[in-house]
Structure formats: structure tokens, C-alpha cells
Amino acid sequence: MRFTRVLILSAVIAAAAGAAFLAGVAHAQSAKATINDPVGPPPDPTHIPTVLPKDIKWTGQEGRQQQGLLFGDPSKPGLYGVVIKWYPGNFSQPHFHDQERYAYVISGTWWVSTSNVYDEKTTYPVHAGTVAIDTANTVHWDGARLGEKEPAVLVLVGMGPVKTVQVDENGKPKAPAPAPAR
């Protein structure tokens, strides 16, 4: 797990350094286009596939919590990325994931706790621009406190498949909910 975390963090740092270097080279060689110049042609989708905001598939309930899949699939092997929106006054319950996940808070304030006991007063604010790691197999829960002016919006990236396990007040896994009767 530590190797995976170091590998992913190293890749992120290397990508950022490479992007900064290339941006400097491009800036030095550019014709200094401005926003007033005409736009170039759309990128070749085989080189840079894009998903427009209107095409992101959202699940969950607006006003509570929503999740939008950006790439991959958390239930399948491989890299995935999701956007989470926590609306004010809504939280998950204490749980853990069997895989590490990396979070970047895009906007708003994300409130988190590592307590086994659900008490919203024990949550801590994580502000926009912050990176956090959901360490595998460690209890936490999260959301947005009532009174926030906007949802907490974050991007989560991890390796699938990932399982979420709800825990009791002692931090022990709860029994799975029974399947609905047919």
C-alpha cells in the first residue's frame, strides 16, 4: 500500500513538474495569443478525450450528496476518478475503504472526522485547495456542515475495485444489510 501511495504521489509530482516545464517552453516559443484572438481547432479526441460538464453522469440526490464519474469505475480494477458534492447539512456515517483514495477539495469546505462515533461537532474543516489521503482500512466520515454557503466539492482518485465498509461505534465492521425480500 505504501509503495502504491508513493508511486501515485511520485507520478503526480512528476506530471506537475513536467507540465510546468512544458508550459515554460511553450510560453517562451509562443506567439503570445490573447483571449481576443480566434480559438484554435478542437483537439483530436483520440489524443485528448474530453467529457463536457453536461455529459457527466451524476448519481445520488441533489441537495444531499451526489457523485459524478469522471473516468474508470470504482467497482472494477484500475484507476478511477469521481467528483463528490456534499450539500450543507449532510454527512456519511463512520466507514472505511479497503483501498487508499486521494482527495482534492475543489470548492467549499469539506468537514471530516476520524471518530468511530457519529457526532457532527467532531468534524474538522478541510478547505478548497487541500489534498487529503483516505488511508486504507482507517475509519473516517465526511460531509458538509449546516450553514455552509455552498456544497463541498472534491475529486477522489483511487484504484478499483474499492469497497466501503460501514462500522459500529467500536470501529468494527457492521453486518451487511439484508437483501430485500422478493
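Counting from 1, the numbers follow the sequence of the chain as shown.
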Worksheet item: What are the two closest non-hydrogen atoms of Pro161 and Gln99, and how far apart are they?
Response: O-CG, 3.4 Å
Worksheet item: With a 4.5 Å heavy-atom cut-off, do Asp168 and Pro94 have their side chains touching?
Response: no
Discussion item. Less than 4.5 Å apart, side chain to side chain, heavy atoms only: is that true for Thr109 and Val126?
Written reply: no
Item to complete: Show your reasoning for whether side chain to side chain contact (heavy atoms under 4.5 Å, CB included) applies to Leu69 and Lys57.
Response: CA-CA 6 Å; Leu69 185 62; Lys57 304 293 187 239; 5.5 Å; no
Worksheet item: Mind checking whether Tyr118 and Trp141 have ring centres under 6.0 Å apart?
Response: yes
Fill in: Student check: side-chain heavy atoms of Val82 and Pro74 closer than 4.5 Å
yes
Worksheet item: Given the rule in the side-chain hydrogen bond (donor to acceptor under 3.5 Å, both in side chains) test, do Tyr87 and Gln66 qualify, once you have shown the distances and angles that lead to the verdict?
Response: CA-CA 8 Å; Tyr87 290 86; Gln66 290 182 291; 2.7 Å; yes
Worksheet, complete the sentence: On a heavy-atom basis, the closest approach of Asp37 and Ala33 is OD2-CA, 3.2 Å
Discussion item. Side chain to side chain contact (heavy atoms under 4.5 Å, CB included) for Glu100 and Ile133? Distances and angles first, verdict last.
Written reply: CA-CA 7 Å; Glu100 283 191 350; Ile133 300 170; 4.3 Å; yes
Worksheet item: Quick one: are Gln67 and Trp58 in side-chain contact, heavy atoms under 4.5 Å?
Response: no
Fill in: Exercise: identify the closest heavy-atom pair between Glu150 and Pro88
O-CG, 3.8 Å
Worksheet item: Of the options Thr130, Thr123, Asp142, which is the one that meets Trp110 in a side chain to side chain donor-acceptor pair (under 3.5 Å)?
Response: Asp142
Fill in: Rounded distance [0.5 Å steps], OG1 in Thr138 versus CZ in Phe96
9.5 Å
Worksheet item: Nearest 0.5 Å, what's the CG-CD distance between Asn90 and Glu120?
Response: 8.5 Å
Discussion item. Within this structure, what is the OG-NZ distance for the pair Ser115 and Lys121, rounded to the nearest 0.5 Å?
Written reply: 14.0 Å
Worksheet item: Should we count CG of Leu52 as having more than 12 external heavy atoms under 6.0 Å?
Response: yes
Worksheet item: So, Trp86 side chain and Leu154 main chain: donor-acceptor pair closer than 3.5 Å or not?
Response: no
Response to the item:
Gln166 meets the side-chain contact (heavy atoms from CB on, under 4.5 Å) criterion, sequence neighbours left out, with Gln93, His95, Thr164, Lys174
Worksheet entry | Taking every non-hydrogen atom, the tightest pair across Ser113 and Thr122 | OG-OG1, 3.2 Å
Worksheet entry | Partners passing side-chain contact (heavy atoms from CB on, under 4.5 Å) against Arg101 (at least two apart in sequence or in another chain) | Tyr80, His97, Asp134, Leu156, Val162
Worksheet item: Any side-chain heavy atom of Asp98 sitting closer than 4.5 Å to one from Val165?
Response: no
